[in-house]
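One-based numbering along the sequence shown.
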Amino acid sequence: MTKPILLLTRPKESSFCFFDSLRPEIAAKARLIVSPLLEILGTGVQPDLSGVRGVIFTSANAVGFAPLGQGRAAFCVGERTQAAAEKRGWKVKQVSATAGELLADLDMALIEGPVMHLAGRHLRMDIVSALRSRGVTATCATVYDQKLLPLSDEAQSAMAGTAPVIAPLFSPRSASHFVEQAGNLAQVHAVVISPAVAAVLPEGACASIQVAQQPTGLEMRRSVEKLLADCRLA
């Protein structure tokens, strides 16, 4: 039987990290194609952290373009972001699964002064405005950009074939670009991180759309593993 194709479109490093996180016996059921739709590039911004008592990282991508932590406080979204921040010398005081949960769970007692969101150019949530509305002095520095890339010929050929294609999609922007790039979605089983991402996909165009139970990397992995384990896709 033809193996289903797992099409990963996050930046290369993130895509391979996601694939490596799958259970090996499940990952072996798929043929992997990595075709990044985004390239992460530094903006060259050197944020001035003088007077800043803590930073917020909503993506691991920001950590590599940020200054070294030198023991300063960081509030992170996701365990991968936490690990990257700690490796760069930040003292992580709080970790939440999503940006929304970070804001909801934020222990104001842990914030001892102004905070800065070190972020990408394209934001899903206005962290700074939300913090300011709660009386927190907050600023944002854009330390990286997300440049759109075309789907590879290999990815286009896979979607034009007869094998089912499982495509995890993590943001409305990347999903919208995926739809624009894809020549054919009829064989695509989309796994999306939120209803907002699902709303970008044309109704009836995909073979199926599954929304992760929670907007986290863990739930995305579970959803992909469930699809790969489905004998109907084999």
Side-chain angles (χ1 to χ4, degrees), residues 1-40 59-61 77-84 97-98 124 149-234:
M1 299 291 287
T2 302
K3 275 188 173 184
I5 293 162
L6 178 59
L7 175 58
L8 300 181
T9 57
R10 298 179 94 184
K12 187 173 290 186
E13 181 180 352
S14 297
S15 288
F16 282 112
C17 282
F18 182 85
F19 183 73
D20 290 342
S21 73
L22 300 175
R23 286 180 285 156
E25 68 274 17
I26 297 295
K29 294 178 178 288
R31 178 165 74 90
L32 175 65
I33 295 177
V34 176
S35 176
L37 288 177
L38 295 174
E39 181 181 7
I40 304 302
S59 169
N61 292 323
V77 173
E79 293 180 355
R80 183 165 169 255
T81 305
Q82 175 191 8
T98 68
R124 300 182 209 175
L149 299 174
L151 275 171
S152 67
D153 291 342
E154 183 183 21
Q156 295 284 18
S157 295
M159 288 188 290
T162 58
V165 178
I166 299 172
L169 299 169
F170 289 81
S171 74
R173 183 171 182 250
S174 59
S176 178
H177 187 55
F178 178 74
V179 170
E180 292 174 358
Q181 288 286 309
N184 181 19
L185 295 172
Q187 297 296 326
V188 173
H189 296 265
V191 179
V192 302
I193 200 166
S194 68
V197 179
V200 172
L201 303 175
E203 186 175 355
C206 296
S208 70
I209 300 174
Q210 294 195 27
V211 181
Q213 291 187 1
Q214 296 290 332
T216 65
L218 174 60
E219 289 301 329
M220 287 292 283
R221 292 196 298 271
R222 287 174 174 169
S223 297
V224 168
E225 288 177 341
K226 185 177 180 181
L227 267 182
L228 285 174
D230 189 342
C231 61
R232 291 171 297 177
L233 294 185

Without placing hydrogens or testing angles, list every side-chain donor-acceptor pair under 3.5 Å for residues 208-219, not counting sequence neighbours.
{"from": "S208", "atom 1": "OG", "to": "H189", "atom 2": "ND1", "distance (Å)": "2.7"}
{"from": "T216", "atom 1": "OG1", "to": "E219", "atom 2": "N", "distance (Å)": "3.2"}
{"from": "E219", "atom 1": "OE2", "to": "R222", "atom 2": "NH1", "distance (Å)": "2.8"}

**Q.** Partners passing side chain to side chain contact (heavy atoms under 4.5 Å, CB included) against A186 (at least two apart in sequence or in another chain)
**A.** N184
Q | Residue pair P168 / L6, side-chain heavy-atom distance below 4.5 Å | A | yes
(Q) Test your reading of the model: is there a side-chain donor-acceptor pair from K3 to the backbone of A28, 3.5 Å cut-off? (A) yes
Q | Which residues share a side chain to side chain contact (heavy atoms under 4.5 Å, CB included) with V77, sequence neighbours left out | A | T58, A99, L102
Q) Taking it one step at a time, do L32 and F16 satisfy side chain to side chain contact (heavy atoms under 4.5 Å, CB included)? A) CA-CA 10 Å; L32 175 65; F16 282 112; 4.0 Å; yes
Q) Closest heavy-atom contact between P150 and L37? A) C-CD2, 4.3 Å
Q | Side-chain (E39) to main-chain (L149) donor-acceptor, under 3.5 angstrom | A | no
Q. Excluding sequence neighbours, so at least two apart, what forms side chain to side chain donor-acceptor pair (under 3.5 Å) with S35?
A. S152
Q. Can you list every pair that meets side chain to side chain donor-acceptor pair (under 3.5 Å) and has a residue in residues 170-181, with sequence neighbours left out?
A. H122-R173, S171-S174
Q. What pairs of residues pass the side chain to side chain donor-acceptor pair (under 3.5 Å) test when at least one of them lies in residues 4-15, not counting sequence neighbours?
A. S14-R80
Q | Sequence neighbours excluded - salt bridge (charged side-chain N to carboxylate O under 4.0 Å, His left out) pairs with any residue from residues 154-164 | A | R31-E154
Q: Give every residue pair that meets the side chain to side chain donor-acceptor pair (under 3.5 Å) criterion with at least one member in residues 196-207, sequence neighbours excluded.
A: none
Q: Taking side chain to side chain contact (heavy atoms under 4.5 Å, CB included) as the test, write out the residues that go with A196, two or more places apart.
A: P172, S194
Q: Verify the neighbour count for atom CG of D153: are there more than 12 heavy atoms of other residues, nucleotides or ligands below 6.0 Å?
A: no
Q: Check the pair V34 / F19 against side chain to side chain contact (heavy atoms under 4.5 Å, CB included), numbers first and verdict last.
A: CA-CA 10 Å; V34 176; F19 183 73; over 6 Å; no
Q.
Working to the nearest 0.5 angstrom, can you tell me the gap between N61 CG and I40 CD1?
A. 4.0 Å
Q. What residues, two or more places apart in sequence or in another chain, satisfy side chain to side chain contact (heavy atoms under 4.5 Å, CB included) together with Q187?
A. none
Q) Roughly how far, to the nearest 0.5 Å, is the CZ atom of F178 from the CG atom of L185? A) 6.0 Å
(Q) Is any side-chain heavy atom of L7 closer than 4.5 Å to one of I166? (A) no
Q: Indicate the atoms forming the closest heavy-atom contact of V197 with F170, along with that distance.
A: CG2-C, 4.2 Å
Q. What are the two closest heavy atoms between V191 and M220, and how far apart are they?
A. O-CE, 3.3 Å
Q: Return the minimal non-hydrogen interatomic distance between L169 and A175, and the atom names on each side.
A: CD1-CB, 4.1 Å
Q: Give the minimum heavy-atom separation between I5 and A158, together with the two atoms involved.
A: CD1-CB, 3.6 Å
**Q.** Closest non-hydrogen atom pair, P4 against L228
**A.** CG-CD2, 4.1 Å
**Q.** Residue pairs fulfilling salt bridge (charged side-chain N to carboxylate O under 4.0 Å, His left out) with at least one residue in residues 184-201, sequence neighbours excluded
**A.** none
